[in-house]
2 protein chains.
Amino acid sequence: MSGPSNTDVALTEERTSPPVIVVDAMGGDNAPAEIVRGAVIATREFGLRVVLVGRRTEIARILAEEEALREIPVVHAEDELAMHEGALASWRRPRSSAAVACRLIRRGDADALVSAGTTGGIVATSTVRLRTQPGVLRPALAVPLPTGDVPTIMVDAGANADAKPEMLVQFAHLGCAYVQTAYGVHTPRVGVLTIGSEPGKGNKLVRKAGELLTAAAEGERPMEFLGNIEGHDLLTRKVDVVVTDGHTGNVTLKTVEGTASFALDAVRGALTTNPLARAGTLFQRKPLRELRESLNSETYGGAALLGLNGTVVLAHGSSHAKGVARACRLAHDLAGGHITEQIRRRVHTRSTHWLHRLAQSEER
Amino acid sequence: MSGPSNTDVALTEERTSPPVIVVDAMGGDNAPAEIVRGAVIATREFGLRVVLVGRRTEIARILAEEEALREIPVVHAEDELAMHEGALASWRRPRSSAAVACRLIRRGDADALVSAGTTGGIVATSTVRLRTQPGVLRPALAVPLPTGDVPTIMVDAGANADAKPEMLVQFAHLGCAYVQTAYGVHTPRVGVLTIGSEPGKGNKLVRKAGELLTAAAEGERPMEFLGNIEGHDLLTRKVDVVVTDGHTGNVTLKTVEGTASFALDAVRGALTTNPLARAGTLFQRKPLRELRESLNSETYGGAALLGLNGTVVLAHGSSHAKGVARACRLAHDLAGGHITEQIRRRVHTRSTHWLHRLAQSEER
């Protein structure tokens with residue numbers, strides 16, 4: 001029942017270019033079974049290099065069922081973050097699977113963390129253990145909106161409930177680095193989410209951020225700032241990066257998910273109101289199922305926590321194996337495209353140094 | 001071509017209980033034709049007492065087409081607010097149709113204003129001319145979310161981009177007065193829109209407002225405070241009143257509209273991917289059209305600006321006749337149910353006096 005003895009050895013091998021993704025086997029509603037199965041899919045179908053972290057015997061049992069014991073190395077971690085464990089978890093549980101995973105990244109044995117654990121706990125743990133990149137004010141969550149092949153990215157989707165204008169400027173840079181790395185967009189179009197499309201509309205935070213972003217867009221790093229965008233522009237591909245504070249971003253993201261799900265349920269209701277309409281659904285089940293799939297946030301691999309020394313992807317808490325595998329692929333794309341390097345270059349310019357000083361002076 | 005001479009006389013008649021709705025004929029994308037036709041529907045189909053304000057000759061011509069010249073009185077106003085005219089419009093244009101309409105309400109000749117004009121202009125004009133009710137910190141926009149027969153009301157949907165915790169408490173009272181008046185809900189359930197459902201989650205504004213609302217719910221006015229609600233709870237009828245700042249409220253509302261429309265377009269696409277699926281739509285067109293209608297914000301009559309000395313309903317800018325008529329019915333229900341009286345009773349209690357002082361002292 002115990003795991004294979006050669007697992008730790010694999011980690012110290014000379015690493016070539018493909019990044020190593022460390023997967024938190026203990027996080028999420030369906031952990032560890034679905035998480036481990038997701039890692040197997042990531043390895044076999046996507047050809048990724050994956051390491052699992054968590055309770056070795058449990059993981060090994062599931063790997064054995066999948067006949068994948070020799071394919072995926074396992075690193076033991078005796079503890080785990082409980083669901084609903086928030087910001088303090090990172091201090092309380094130094095031996096949690098998430099903490100051990102971060103240690104692997106810090107040691108240089110891995111490049112990216114994938115976890116379906118509680119957002120608060122994973123954000124806190126990885127921020128404490130990986131630390132923010134030099135010059136980055138705050139890490140932020142970047143989430144793809146379900147707009148199709150090249151999604152629009154929303155930053156911040158909930159890591160910072162209270163934000164300053166200077167932070168919104170950095171969120172724009174983080175989002176640009178994301179779409180450049182993941183989708184190869186050279187000069188990303190950026191918009192600030194607010195009331196009304198004219199400049200000068202919105203709350204104080206957005207108005208000030210708009211001024212700073214207009215200046216930032218004229219700087220050295222490629223970015224096209226399109227000004228204000230409204231709630232109904234989120235899914236119309238008007239911009240590549242939507243910048244907002246974590247409060248508005250989180251509420252908006254969940255509103256998109258809730259409304260899409262509500263509308264599709266209502267469609268199902270409408271299509272079965274009478275026998276003739278119901279008969280029509282016979283050949284529509286597949287396209288409707290595919291549509292629901294495409295509007296599902298799991299499809300896009302999850303949220304990326306940007307601005308840390310290492311790539312962190314948070315899969316949906318209710319992720320099944322496929323969702324976990326997609327999160328691994330996103331982590332692979334971001335780490336393989338050297339997103340931290342991209343962020344370093346964007347944030348480490350003279351134009352952002354004064355932003356940093358400004359924000360720090362205000363905090364005093 | 002000139003209007004009937006007896007129009008002004010109708011206004012000075014002894015008014016009995018049914019409220020008089022004054023409709024701004026010049027506001028909106030489809031003004032004046034669709035607005036005037038909406039007033040005709042409101043009069044004939046809903047039996048409401050309606051007055052039209054705007055350029056008399058234009059209005060009379062449309063009324064003549066509808067053979068309604070003798071049914072609806074017209075008050076002349078030579079000027080109008082241009083679309084995109086903002087907060088200063090109210091000062092610049094004292095003879096605009098909206099300003100003249102407010103004057104009728106102040107004089108006691110009418111009880112409610114309905115306009116499809118620009119939100120900024122109408123909010124500014126009516127706030128300046130009708131003034132806020134005693135004790136009310138700021139008027140706020142209340143908008144029904146498309147949740148079915150008894151909608152959930154969101155306050156504030158965009159009148160105040162920057163809000164204070166004390167204002168959010170009053171928004172809750174305004175929303176409660178709305179659902180009590182319009183839907184007869186005796187003890188409205190109230191939630192604050194934020195990240196995460198546990199108390200203590202969210203930004204500073206929401207955390208402080210949550211504390212104040214917990215205290216307010218124990219006061220004299222009936223209200224059940226359910227704490228935090230998230231974006232995906234907006235359409236699930238979890239609460240009767242969603243409280244939020246105008247920035248988050250406006251972004252969220254437009255996100256609901258944009259996502260519903262996006263999802264229904266995607267459904268249409270999915271249902272016609274192949275000939276067999278397309279054949280199925282033959283008997284589904286009607287239920288799908290009805291569904292789209294039920295998710296359309298026009299269906300619910302528009303946004304109510306609460307907290308002024310008089311009822312103000314903002315119909316959607318793109319409203320057609322039916323939408324205008326529904327806005328008239330909403331104005332009738334609110335004014336007929338004496339919502340300003342309800343608000344006065346809720347806001348004019350000892351518990352809110354200190355809120356008022358607190359907010360004012362912070363402004364100094």
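Predicted, not measured: the structure shown is a model, and the values here were computed from it.
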Which residue, B:Leu193, B:Leu205, B:Thr194, forms the side-chain contact (heavy atoms from CB on, under 4.5 Å) with A:His247?
-> B:Thr194
From the list A:Pro146, A:Gly249, A:Gly231, A:Gly202, the residue making the most non-hydrogen contacts under 4.5 Å with chain B is A:Gly231
In Å, rounded to the nearest 0.5 Å, how long is the span from CG of B:Asp245 to OG1 of A:Thr248?
-> 6.5 Å
Write out all pairs satisfying salt bridge (Lys or Arg N to Asp or Glu O under 4.0 Å) with one or both partners inside residues 267-276 of chain B, taking only residues at least two apart or from two chains.
-> B:Asp265-B:Arg268
Contact class of A:Ile195 relative to chain B, heavy atoms under 4.5 angstrom | both
Do you know which two heavy atoms are closest between B:Leu291 and A:Ala266, and how far apart they sit?
-> CD1-CB, 3.4 Å
Nearest heavy-atom neighbours spanning B:Asp162 and A:Arg207 = OD2-NH1, 4.3 Å
Please round to the nearest 0.5 Å and tell me the distance separating atom CD of A:Glu230 and atom CG of B:Leu253.
-> 11.0 Å
Shortest non-hydrogen contact from B:Thr259 toward A:Val256 | CG2-O, 3.5 Å
Does anything in residues 232-239 of chain A get under 4.5 Å of chain B by heavy atoms, and if so which residues?
-> A:His232, A:Leu234, A:Leu235
Which one of B:Thr252, B:Thr244, B:Leu271 has the most heavy-atom pairs closer than 4.5 Å to chain A?
-> B:Leu271
